[in-house]
Amino acid sequence: MAATPQLTVVVIDVGASMCANTVTSSGAANGPPRLSQALGSATTFIRNKIVYGKKEQVGIVLFGTEDSDNPFADGEGYEHISIIHDMKPPSLDMLRYLENSVTPGTHPADFMEAVVVGMAMLTEAAKELKKCETHLVLFTDAGSELKDDVDSIDPIVDGLTDLTGVTLVGMFPDDEDDDADEDFFVGLPESQQQGIKLLMSVHKTLSEAADNPLSPMQWVRRFSFRSALKIASAFRKPTVRQTTTCRVCLEVADLKVPLWGYVRQARAKLPSMIKLSGLVTVNPADEESGKVDREVTYHKLDDDETQVDKDFLNKVYKFGSDDIPWAKVDEENMKLESTKMLRLICFVEQNKVPRHFYMGDNLLTFTPPPEDPVAAQAVSSLTQALHNLDYVGIVRYVRAKNAAPKIGMIFPHIRPTYRCLMYVSLPFREDIRHYQFPSLAANDQLKPTPEQDAAMGEFIDKMDLMEGWVDEFGDREEALQPKHTFNPVIQRFWQCVNHRALNPDEHLPEPDPAIVRYLSQSELLIKEAGPAIDKLKAAFTLHKKANKAKEKTAARLWQQDEASEEGPSGKRARLPEEDTEGITLATMLKKKVEHVGSTSPVEDYLEIISDKTSDKLVEASKELMAQVDDRMEMYVGGPVDTFVSMVKVLREKLMVDESTLFNDYLRKIKEAIDRSPRQLKPMQDALVKENVTLISSEESASCDVDSSAASGFWEAASESVPMDTSTPAEEEDVEDLMDEL
């Protein structure tokens, strides 16, 4: 369905009262002028229209100006009201004018007359369209005296009810539902009080019209300058039309209740950019100018790179190590056929569905169709029963025919003005991932003390966001309110696009303070929570462990001499300061190694045998020997550093008690080299170079190999492989060779 064109007129008061500084809650007149707030909100409003409004027209009317530029100005009425921009698509010229060219006025003007001028612009522009939506936005503090009496205002209000929507921004309470009491008007002139009361009366009348389903008016909004600036201070996503995503029947046994589904919440994404060619001159008036057409072709991996038509391509799925081709016919037959439905499976207590099971990017709202009282009664009774019992419904949901079935949960959503059912998807068994984490409660050393609990509780209380920020008026407010917190990535993107559009030759600006504010801590909270933070630091003390340099003291030198006299078999006690050396958080969290792997075999081997709780020297040595055998079997040339390291560490660790095991294995290595001398000769040369021989009786008391046999172990190696000494054939002449070819 094509979007309905929208016509909007922005009416802004630039009179003298709009230029005065606003008063903060403390009574200081240092708040931003209302005119700057109005222009900021209007600028962002039009900026969003430029980005998202493809079929929209915008007009701008200022009142309180020195000139009178409107069709009704006759010298007696409608004075100091100027049409700045006629109805046309929003453009950068409108933004530049609002940012740089608006000058404060000094002449009083009737805001109701300015509204009439705006309504006339909408009526004239709507004549050229078969169907459209008409909106009017008014910014005024009602500081100018009204010229017309109440009887002449009623026809204007009746004309406003013929519009689609009206937005009033003025001197109102921050909450749209609140009424202004007597204290609200303290200090305001009598004429301004009457104007504000008139605007609030107009808002009430228009709200009653919007509640009437037969009235053309669909909505009316009222904002204070402060709340309007908050809402309009960011680039927002476009207004999503209220269209159904699906229309299904809720099947409860044999009962079917018709429902309409709407997307209530969806993840906002960055807009896609259009790629234009830099080799041509882009014509802004021609949408097709500079567009790039993308073509994809498929080719074989042969010498000719033969092109393959897309129709002859098939998908391939991995089944273990095999590739299973999948034709398009098989793909069509594989699809699970399903019909559109929303079928109730069962009811469960809401606390039986964990919050972390909620999944999916969309939150759906299901309501009964309009003008269907039977369905409305069924939905109302179901939502009330679920709410009273604190239950939810588990359903099977299929959005459209042959769509993927989903399992989900429907739960009640009750508000004073409406009731509906909310739907959120739940995971299947394959969607759930189970991870094992160590328990914090099982270890007594990790349990906090009562003092630590109290310190953490006080810190959490002090970091409460309910009064975490101070607004531009000096008032405390809730920090990071969801309705005022925008995605900083999207905000930064549109900030840069807007700056580049208005200032094409300048560098991109620094991030807006509002964007940085989303990602920063509240300085006010940190300051007020200072004492609680100090208590927290005192309760959880951290000590930095300094690495002590090993000094060569006399005691250490004597211990080294004694160890050398005792020989390799002498054992030296570890010094106390070395007990915890090398222990870090990473080593404590590292998974325990139980087998020697192929990635880091030497490190795995050393870690296994370093475990003093069990004797796995022989078992780990045999696993490392298996890794050595694998490397010898797969060796086809290249570095042999890892191979030599593995053999050397085996010799070192087996020297004391298992020297026979190493000597037998080294003889096995020598036999393997003798069987493949040409292939494994580099390994033998490396072992000879590193003097890796048999363990002799001089090195280990448990060995019976004398030193001469150990030193001459590699001399009995297999005969060297004869070199190819044949004389190469003479190089043929290139031309003769080509002739033969």
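Treat the numbers as computed from the prediction; the structure is a model and nothing was measured. For this chain, numbers begin at 1 and follow the sequence in order. These values consider heavy atoms only, across backbone and side chains, with no hydrogens, waters or symmetry-generated copies.
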Q: Report yes if some heavy atom in the side chain of Glu208 is under 4.5 Å from a heavy atom in the side chain of Asn212; otherwise report no.
A: no

Q: Working to the nearest 0.5 Å, report the span between CD of Glu99 and OG1 of Thr43.
A: 5.5 Å

Q: Kindly say whether Tyr78 contributes a backbone atom to a donor-acceptor pair with the side chain of Glu113 at under 3.5 angstrom?
A: yes

Q: To the nearest 0.5 Å, how far apart are CD in Glu133 and CG in Leu122?
A: 12.0 Å

Q: I'd like to check His413 versus Thr365 (side-chain heavy atoms, cut-off strictly below 4.5 Å). Are they in contact?
A: no

Q: Please check this pair: side chain of His80 against backbone of Thr65, looking for a donor-acceptor N/O pair closer than 3.5 Å.
A: yes

Q: Mind checking whether Phe366 and Tyr423 have parallel, tilted or perpendicular rings, split at 30° and 60°?
A: perpendicular

Q: Search all heavy atoms of Glu467 against all heavy atoms of Leu524 and return the closest pair with its distance.
A: O-CD2, 4.1 Å

Q: Do we see a donor-acceptor contact under 3.5 Å between the side chains of Arg492 and Gln495?
A: yes

Q: Taking the side chain as everything from C-beta on, heavy atoms only, tell me whether Leu198 gets closer than 4.5 Å to Phe111.
A: yes

Q: Quick check: do Leu163 and Leu160 have side-chain heavy atoms less than 4.5 Å from each other?
A: yes

Q: Identify the heavy atoms of Met359 and Pro427 that sit nearest to each other, and give their distance.
A: SD-CA, 3.3 Å

Q: Would you confirm whether Arg264, through its side chain, and Asn362, through its main-chain N or O, come within 3.5 Å as a donor-acceptor pair?
A: no

Q: If I take atom CG from residue Leu199 and atom CD from residue Gln194, how far apart are they, to the nearest 0.5 angstrom?
A: 12.0 Å

Q: Before giving the answer on side chain to side chain contact (heavy atoms under 4.5 Å, CB included), spell out for Thr297 and His299 the whole-Å C-alpha distance, their side-chain angles and the decisive distance to 0.1 Å.
A: CA-CA 7 Å; Thr297 58; His299 299 265; 3.0 Å; yes

Q: Return the minimal non-hydrogen interatomic distance between His499 and Leu508, and the atom names on each side.
A: CD2-CA, 4.2 Å

Q: Taking the side chain as every heavy atom from C-beta outward, state whether Ile84 and Val61 have any atom pair closer than 4.5 Å.
A: no

Q: Is any side-chain heavy atom of Tyr397 closer than 4.5 Å to a side-chain heavy atom of Cys246?
A: yes

Q: Got more than 12 heavy atoms from elsewhere within 6.0 Å of CD, Glu523?
A: no

Q: Is there side-chain contact between Met94 and Lys49, with at least one heavy-atom pair below 4.5 Å?
A: no

Q: Check whether any side-chain N or O of Thr161 sits under 3.5 Å from a backbone N or O of Ala209 as a donor-acceptor pair, and report yes or no.
A: no

Q: Hey, which of Ile12, Val14, Ile81 is the one that makes side chain to side chain contact (heavy atoms under 4.5 Å, CB included) with Phe63?
A: Ile81

Q: Working to the nearest 0.5 angstrom, can you tell me the gap between Leu502 CG and Asn498 CG?
A: 5.0 Å

Q: For Thr164 and Gln218, test the side chains for any donor-to-acceptor distance below 3.5 angstrom and give the result as yes or no.
A: no

Q: Within this structure, what is the NZ-CG distance for the pair Lys462 and Leu525, rounded to the nearest 0.5 Å?
A: 10.5 Å

Q: I want to check something: taking the side chain as every heavy atom from C-beta on, are Pro71 and Ile83 in contact at a cut-off of under 4.5 Å?
A: yes

Q: Using side chain to side chain contact (heavy atoms under 4.5 Å, CB included), reason through Met217 and Val166 one step at a time and then give a plain yes or no.
A: CA-CA 8 Å; Met217 174 158 286; Val166 173; 3.6 Å; yes

Q: If we ignore hydrogens and angles and just use 3.5 Å, is the side chain of Asn487 paired with the main-chain N or O of Ala268 as donor and acceptor?
A: no

Q: How many angstroms lie between atom SG of Cys496 and atom CD of Gln491, to the nearest 0.5 angstrom?
A: 11.5 Å

Q: Apply the side chain to side chain contact (heavy atoms under 4.5 Å, CB included) test between Tyr97 and each candidate in Leu92, Leu62, Ile46; give the one that qualifies.
A: Leu62

Q: Just do the side chain to side chain contact (heavy atoms under 4.5 Å, CB included) check on Met200 and Ile196 with the steps written out, would you?
A: CA-CA 6 Å; Met200 297 182 69; Ile196 295 174; 4.2 Å; yes

Q: Would Leu136 and Met119 count as a side chain to side chain contact (heavy atoms under 4.5 Å, CB included) here? Give the steps.
A: CA-CA 8 Å; Leu136 187 140; Met119 292 170 57; 4.1 Å; yes

Q: Closest approach of Ile153 and Met112, non-hydrogen atoms and distance?
A: CG2-CE, 3.8 Å

Q: Counting distance only, does the side-chain N/O of Glu79 pair as donor-acceptor with the main-chain N or O of Ser68 below 3.5 Å?
A: no

Q: I need the minimum non-hydrogen distance between Met463 and Ala529, along with the two atoms involved.
A: SD-CB, 4.0 Å

Q: Could you tell me how the ring of Phe411 sits relative to the ring of Tyr358: parallel (under 30°), tilted (30 to 60°) or perpendicular (over 60°)?
A: parallel

Q: Taking Asp534 for its side chain and Lys537 for its backbone only, find out whether a donor-acceptor pair lies under 3.5 Å.
A: no

Q: Ser201 side chain to Lys197 main-chain N or O, any donor-acceptor pair under 3.5 Å?
A: no

Q: Sub-3.5 Å donor-acceptor pair from the side chain of Thr367 to the main-chain atoms of Cys420, do we have one?
A: no

Q: Is a side-chain donor or acceptor of Thr244 paired with a backbone partner of Trp260 at a separation under 3.5 angstrom?
A: no

Q: Nearest heavy-atom pair of Gly143 and Ser17: which atoms, and what distance?
A: CA-OG, 3.4 Å

